[in-house]
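For reference, the structure discussed in these notes is given below.
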Amino acid sequence: MQGQDDAVRLRAYQIWESDGRPEGRDGDHRRQAEEQLGIISSSFPAPAVLSSSDAVQGL
């Protein structure tokens with residue numbers, strides 16, 4: 001995970017620089033970096049996955 005986090009940080013820094021180094025947009029730049037690198041943000045819980053037996057019980 002450390003390598004992945006380093007990659008996100010580096011990409012977010014590059015995005016920040018290309019945007020003219022604006023203040024207060026670090027969260028936006030991190031999310032954009034995660035999106036570009038195909039990484040799902042840990043800020044949001046992963047959706048639950050139901051098995052086929054769980055789906056049948058709910059009917």
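As a basis for the values below, the full set of heavy atoms in this structure was taken, side chains included, without hydrogen atoms, waters or symmetry mates.
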Exercise. From Asp19 CG over to Arg25 CZ, what is the distance, rounded to the nearest 0.5 angstrom?
Worked result: 5.0 Å
Problem set entry | Interatomic spacing from CG in Asp26 to CD1 in Ile15 - rounded to 0.5 Å | 12.0 Å
Exercise. Can a donor-acceptor pair be found between the side chains of Gln32 and Asp28 at a distance below 3.5 Å?
Worked result: no
For this session: Take Gln4 and Leu37 through the side chain to side chain contact (heavy atoms under 4.5 Å, CB included) test and state the conclusion after the steps.
Result: CA-CA 9 Å; Gln4 189 177 49; Leu37 295 171; over 6 Å; no
Problem set entry | Glu35 atom CD, neighbour heavy-atom count above 12 within 6.0 Å | no
Exercise. Do Arg30 and Trp16 have side chains that get closer than 4.5 Å, going by heavy atoms?
Worked result: no
For this session: Could you pull out the closest heavy-atom pair between Ala12 and Ala33, with the gap in Å?
Result: N-CB, 3.6 Å
